Structure formats: C-alpha cells, structure tokens
Amino acid sequence: MKLREDFLWGGATAANQYEGAYLEDGKGLSIADVEMGSRHGVPRMIHDEVHEGCYYPSHEGIDFYHRYKADIAMYAKMGFKCFRLSINWPRIFPRGDEDEPNEAGLQFYDRVFDELLKYNIQPIVTLSHYETPLYLVQKYGSWRNRKLIDFFERYCEVVLKRFHHKVKYWMTFNEINETMNQKEPYHQAGIRYLEGENPADVKLLVSHHMMLASAKAVILAHSINSELKMGCMFQYPTTYAKTCHPNDVLAQRYHMMPNFYYGDVMCRGYYSNTCTAQMKRMGGHLQMQPGDEELLKRGVVDYIALSYYFSSISSSPDAHQLIVDRDNPYLKRNEWDWPIDPLGLRIGLNELYDRYQIPLFVVENGLGAIDHIEEDGSIQDDYRIEYLARHIDALRDAVELDDVDVIGYTCWGPIDIISVGTGEMRKRYGFIYVDKDDEGKGTLERREKKSFEWYKKVIASNGYDTSF
Ligand code: BG6
C-alpha cells in the first residue's frame with residue numbers, strides 16, 4: 001500500500017489553547033477558563049471562578065479569534081489539506097443547558113470554516129476538547145449527571161446541522177481514555193472528586209455517560225448526513241514490557257486495558273471482557289440503564305483518531321502491582337522528559353488496526369521544545385524537524401510495510417499555542433513562532449521557523465520527502 005492520494009496532511013489545535021476571546025460575542029466560561037498556568041514549578045491551579053489579577057492562559061490563547069484569517073493563510077502557504085480545531089462548546093451554549101444556541105458563536109465558526117474552504121483546507125472538528133461549560137460542572141456535577149448526555153446531544157445537533165456541508169470529519173471527545181488514566185479527570189470530564197466519592201465508580205460512570213453521548217452524536221450525524229465520518233479519539237500509549245519476565249508482559253497488557261476499554265465500547269459497540277476485567281481491577285461498579293447497550297451498539301464510530309507523543313514501559317514485581325514509567329534506556333527524551341520513540345507510533349498503529357480494523361487518523365503528534373531566536377531573527381528548529389520526520393517515516397512504514405489504513409496526519413500545534421499540561425507558552429510545537437511568554441506577555445506576532453518550509457515540502461511530496 002502507498003499513502004493515499006487524498007491523504008489528509010495538516011495541523012491540529014484546540015479552542016481553549018488557541019482561540020482566546022474568552023467572553024466575546026456571548027461566550028460562556030469553560031472549565032479551561034478558570035485554570036491558571038503553572039508558575040515557577042507550581043502546578044496549574046483550578047479556581048471555581050475567575051479571580052481578578054490571576055493569569056488564565058485560555059483567556060487570550062494566542063488570539064486565533066481575531067487572527068484566524070492570517071493564520072489560515074499561513075497554513076495554506078504550507079499546503080495544508082486539512083486543519084483540526086475544536087468548537088468551543090460554551091461559545092455555542094454559554095451555560096450548556098439553554099434551549100437556543102448563541103448565534104454569534106455559530107457565526108464565528110462559519111467564518112473560520114469558510115476561510116479554510118477558500119484554500120481547499122478541510123476543517124476537522126473535535127466536538128469536545130477540554131471545553132465543557134463551567135456552569136454544567138457547577139450546577140449539574142458535570143458528566144456524573146446523565147443530563148449532560150442530553151445537553152451534549154443538543155449541542156451536537158445544532159453544530160452538525162449547521163456545519164455538515166462544510167465539515168466531513170468529526171470526533172466526539174478528545175483523548176477520552178485519559179478519563180481513566182488521569183488521577184482526577186478535570187480536563188476530560190470536568191471532574192474533581194467530592195468528599196466520600198469512590199474515584200473508580202466516578203470514572204466508570206462519567207466514562208459511560210460520555211460514551212453514550214458519543215454514540216448519540218454518531219447516530220445523529222449519520223441521520224443528518226450519511227457522508228459524515230464520526231471518530232472517537234484516544235491518546236495512544238504504546239507500552240513495552242520492561243523485561244521478558246512474564247509478570248512484566250502481563251503488566252503491559254494490564255496497562256493497555258483502560259485504553260482498550262474505550263476502544264472496545266466505541267469501536268465494537270459493547271463492554272468486552274477487557275472492559276469488565278478492567279472494572280474489577282479498579283474495584284468499581286457500573287449500573288447501566290435499559291437501552292444503553294442498544295445505543296452503544298448502534299453508535300459505533302467510523303474511524304479512530306489518535307494522539308501519539310511517546311511510549312512507556314511497564315513492569316510488575318508480583319503479577320499484581322502495575323508499575324509504569326518512561327525510563328526506557330534505549331530512548332532519548334525531550335525537555336519535559338517525554339521519551340522520543342518513532343517506532344512506537346508504527347507499533348501503536350499496528351496494534352490499533354489489528355484490533356479494530358477501521359481507518360486510523362493520527363490527529364496529534366509533535367515535539368514540545370524551547371525555541372531560541374537567532375540574531376538574524378530565524379529559528380533553527382532542527383530538533384523538531386528530526387522528530388517529525390522520523391515519526392512520519394514510521395507512519396509511512398505502517399502503511400507501506402504493514403498495510404495499516406491511515407487516512408491522515410495532523411501534527412499538534414502547527415502554530416505555538418498554550419500547553420495543556422502546564423499552561424506554558426515556552427513548550428512550543430509550532431512551525432510558526434508566536435511572540436508570547438509564560439506570563440502572557442508579548443506582541444502575538446507570528447513568524448515562520450525553519451520547520452515551516454520543511455513541512456511544506458513534506459506535504460508537497462505526500463509524505464515521501466522528509467529529508468532535511
Ligand atoms: C494532548 C492534548 O494530550 O496533548 C492536547 O490533546 C495537548 O490538548 C497535547 O496540548 C500536548 O500536551 P501539552 O501538555 O504539551 O500541551
């Protein structure tokens with residue numbers, strides 16, 4: 001197999017890290033809007049409301065809201081075939097539970113999609129990328145509450161009906177598997193535990209609600225326009241056994257279970273033995289309601305979108321404990337200690353395709369790095385080019401040598417945006433540098449890095465020329 005002629009090359013972003021204009025044109029607050037950036041080693045802090053004098057990176061993002069035309073023109077210059085962005089849910093439903101949408105919010109996305117289409121760039125849309133309306137969290141307890149399914153469905157109905165002629169590829173929840181992997185899934189599900197709650201039960205319940213909501217969105221989309229392609233989205237954590245000791249090999253399987261938990265439900269349409277075993281391991285219980293199983297069966301996705309940044313290793317001293325770390329002696333790491341493992345992408349693509357046999361779309365991959373501006377104003381980001389080149393080579397091998405069906409590749413943050421993990425700006429992924437620092441200061445001026453021309457060449461060669 002060769003890479004498809006219509007392979008979707010581009011870049012990926014999320015509204016809360018990019019758009020800014022956090023209250024403009026009627027937008028409500030999202031959970032991202034009350035999260036401060038990390039400062040001098042102090043982790044990110046979540047507030048209940050916006051406090052005066054505090055810096056919240058999402059409020060300005062890097063101001064895509066007002067600069068989208070210029071940014072899209074730069075993507076077009078690189079030859080993008082597609083561009084992934086999320087719709088900021090509280091821009092459409094400011095509180096989340098209204099009957100009528102905010103027309104001004106819808107018009108913003110009309111303008112953005114039209115601008116992309118002007119250059120033949122396909123918009124690829126994430127329906128929920130860490131932007132749950134804050135009001136739904138505070139009034140309803142977020143995804144613990146089944147009502148969120150209805151609110152999400154209404155939001156999906158509005159945007160799918162409005163944009164189905166402009167957007168073909170959609171995905172429901174960004175990195176849904178992180179709901180289980182994170183200690184407290186605030187970004188994914190707006191969850192901070194209440195006193196007395198059993199975290200395992202909460203994770204199973206909110207995951208169930210989100211997967212039902214996803215199934216409803218898939219069914220709805222297909223009924224609105226049968227051409228639409230609906231995907232789920234995982235963070236794919238390729239994991240190796242630390243040694244060939246059977247305990248470590250079992251640990252590797254255990255580590256993958258919470259991830260396949262979502263894949264099995266969203267791609268196969270039912271809670272498999274992997275899922276029920278995972279529930280047992282967590283010590284949690286899930287009570288389903290009549291009709292849930294049927295809904296999950298009908299709402300399976302058309303493709304899998306995945307993010308891949310690094311691989312991990314797992315071990316177990318006694319076949320019960322599970323130890324996962326990134327201490328792989330064969331791999332170098334980036335400045336944030338993320339191992340760099342291109343082959344891990346090829347392995348992950350194989351594992352996913354073997355298991356589910358539906359098309360894969362790599363919608364995030366990239367190197368977060370600190371860039372330096374040279375005296376002549378240039379940014380020589382060879383480290384980024386090397387990372388991306390090796391990963392694209394690995395993707396091509398997965399297609400050409402392993403016959404995996406991959407439909408596209410959008411690297412993360414083609415323009416420098418706010419980091420989700422830390423709220424920093426200095427962790428940059430882009431081909432386009434943005435003048436802004438961790439304190440929120442800077443002119444927001446954009447400039448091309450060395451990687452800009454390189455990616456243009458990669459796209460022009462349909463991924464066959466990654467040389468540098
Ligand atoms: C993914 C998220 O987890 O990783 C993105 O979908 C995020 O929103 C990306 O930005 C990179 O992580 P970070 O912490 O470097 O921004």
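Since this is a predicted model, take the numbers as computed values, not measurements. Order of listing sets the numbers, starting from 1, for every ligand and every atom in it.
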**Asked** What orientation do Phe83 and Tyr75 show, parallel under 30°, tilted 30 to 60°, or perpendicular over 60°?
**Response** parallel
**Prompt:** Which residues satisfy the side-chain contact (heavy atoms from CB on, under 4.5 Å) test with Arg95, sequence neighbours excluded?
**Reply:** Asp97, Glu98, Tyr135
**Message:** Tell me which pairs pass salt bridge (charged side-chain N to carboxylate O under 4.0 Å, His left out) where either residue lies in residues 18-34, with sequence neighbours left out.
**Reply:** Glu19-Arg91, Lys27-Asp33
**Message:** Going by the rule ring pair (Phe, Tyr, Trp, His ring centres under 6.0 Å), which residues pair with Phe173 if we only count those two or more places apart in sequence or in a different chain?
**Reply:** Trp143, Phe152
**Request:** Could you tell me whether Arg333 sits above the aromatic face of Phe310, with NZ or CZ closer than 6.0 angstrom to the six-membered ring centre and within 45 degrees of the axis?
**Result:** no
**Request:** Enumerate the protein residues lying less than 4.0 Å from ligand 1, judged by heavy-atom distances, in chain and residue-number order.
**Result:** Gln17, His129, Tyr130, Asn174, Glu175, Tyr309, Trp338, Glu364, Trp412, Ser419, Val420, Gly421, Lys427, Tyr429
**Asked** Relative to the ring of Tyr303, is the ring of Phe361 parallel (under 30°), tilted (30 to 60°) or perpendicular (over 60°)?
**Response** tilted
